[in-house]
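Naming convention: chains lettered A, B, ... in sequence-line order (proteins, then strands); numbering from 1 in each chain.
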Number of protein chains: 2
Amino acid sequence: MTIGIFCFYYRSMVRKRRNKISYSTVRRLTLYLRELEGLLEEGQKTVSSRELAAAAGVKATQLRKDLSFFGSFGVRGRGYDAEDLADNIRRILGVNKEWPTVLVGAGSLGHALAGYKGFALHNIRFVGVLDSDPAKIGTTLAGLTIEPLERIWDYPKEKGGKIVVLAVPASAAQDVADMAIRAGYDGIINFAPVRLRVPPVVALYSVDLSMAFEHVTFELSTEN
Amino acid sequence: MTIGIFCFYYRSMVRKRRNKISYSTVRRLTLYLRELEGLLEEGQKTVSSRELAAAAGVKATQLRKDLSFFGSFGVRGRGYDAEDLADNIRRILGVNKEWPTVLVGAGSLGHALAGYKGFALHNIRFVGVLDSDPAKIGTTLAGLTIEPLERIWDYPKEKGGKIVVLAVPASAAQDVADMAIRAGYDGIINFAPVRLRVPPVVALYSVDLSMAFEHVTFELSTEN
DNA sequence: TTATGTGAACCGGTTCACAGCT
DNA sequence: AGCTGTGAACCGGTTCACATAA
């Protein structure tokens, strides 16, 4: 019975997915989840679309429309059960499962990512840390022993590695990405400031830290 | 003469700015600049909208439309002078000027940001590093002596501090942001995973590192 | 009455088609 | 002829209005 319902939602999710969910909707779902987790910590049991939308900085109708792409999770006249809605958003975003992740690059950015609190909360579990610098190999980071880059080939089979995180210099990023694709990883999260070329079968997300500055300096430049 | 032309563009930029430049346009401008800098390093002198747009992964008309909000920088029938276009985009984004920036938080993320190569390239200059942990104060990071958080009040006057970068725990971010606003900083770049409340007079950009994961896991969850 | 879920209307960002220079 | 610059057309994402349910 439970399985039946699960499958129904799951299939409906996949079907609707085909009529493309926008990037903005996914981004907002992460915001809703963030706020929801805050409300849950404060002990709130129930939440209305108005309240949650205000917390996330969007309109209530926007929130309801976003959710409607995936199913209906609320109760008319009442609102949403906070825990239940959080679980549903986690399932939609895929963060209800664990994603074995390999971190490539044990420089300062690698250290920062390994220590980032938010990841454990979202079921990101680093299963390996790799680096090409012989001096670093054998030392530990976040409880893991740093291994040579070549081990990137082994993780998908040995430990079910699904995602690689690139915290390497821009000049090395494309090469490592190519290795990762051939090794069978499904997702790449890139922190190097280059536009990577990858086939559409892998999920790629690039974070360019300088972009944040440029948005701010743009904003500041146009007023004065 | 030169000043006259500068003023013209500048004013036209400001006027057009009032009919709001979209977030997407600014993001793409950073991409164009990135690719342009790559082409310049390879010694290219001239570039067409087709070529640059392809490198940035957008349509040529999109690129020309984006630029048209700020002026006309090309030569019909010829294309763009690469160096000249890069200078113009830098000016539009405001990265032609230096932005004295104070880094708050000397944890692992602070270290990563202080060592991030891309910043110097975009005229971000850290003038101070602050932390509230007495154990860290007096040690050095990126050539700067770590000072107590309270020094945040002094930088805007003493060293023209314009921007603060928050690399602090989520629980402290709002407090530090409030201090920064009262201290007179114009821009805040936030790496803590919380939605900050700030008045519209300051430019705020938040980077949530876990969001990258959630985009990827969403992508991977909906296919299979 | 209150608050969700959703087709329809709206609006802004993208793309098209072509005028304007070189 | 070649490529930019831009008003107009188009399209997709947001907002509205209201049917639906508790």
(message) Base of D:dT20, side chain of A:Arg76 - is there a donor-acceptor contact under 3.5 Å?
(response) yes
(request) Measure the distance from CG on B:Leu67 to P on D:dC3 and round it to the nearest whole Å. (result) 17 Å
(message) For C:dG5 and A:Tyr80 - does any side-chain N or O of the residue sit under 4.0 Å from the phosphate oxygens OP1/OP2?
(response) yes
(message) Nearest whole Å is fine: how far is D:dG5 P from B:Phe70 CZ?
(response) 14 Å
(request) Evaluate the side-chain proximity of B:Gln62 to B:Arg28: yes if any heavy-atom separation is below 4.5 Å, no if none is. (result) yes
(request) Examine distances only and state if a side-chain atom of B:Arg195 and a backbone atom of A:Ala55 form a donor-acceptor pair shorter than 3.5 Å. (result) yes
(request) Using whole Å, report how far CD of A:Glu51 lies from P of C:dA3. (result) 11 Å
(message) I want to check something: taking the side chain as every heavy atom from C-beta on, are A:Leu85 and A:Ile89 in contact at a cut-off of under 4.5 Å?
(response) yes
(request) Mind jotting down which residue pairs meet the ring pair (Phe, Tyr, Trp, His ring centres under 6.0 Å) criterion with at least one end in residues 181-217 of chain B? Sequence neighbours excluded, please. (result) A:Tyr23-B:His215, A:Phe119-B:Phe213, A:Tyr205-B:His215, A:His215-B:Tyr205
(message) In whole Å, I'd like the distance from the CZ atom of B:Arg50 to the P atom of D:dG5.
(response) 15 Å
(request) Take the protein atom CG of B:Leu85 and the nucleotide atom C1' of D:dG5, then report the distance between them rounded to whole Å. (result) 14 Å
(request) Check whether any side-chain nitrogen or oxygen of A:Ser49 sits under 4.0 Å from OP1 or OP2 of C:dT4, and answer yes or no. (result) yes
(request) Using a 4.0 Å cut-off on protein heavy atoms (strictly under), produce a 5'-to-3' string for nucleotides 11-17 of chain C with B for base contact, S for backbone-only sugar-phosphate contact, and - for none. (result) --SSBBB
(request) Taking A:Asp186 for its side chain and A:Lys162 for its backbone only, find out whether a donor-acceptor pair lies under 3.5 Å. (result) no
(request) May I ask you to decide if B:Asp66's main-chain N or O and B:Thr25's side chain share a donor-acceptor pair within less than 3.5 Å? (result) no
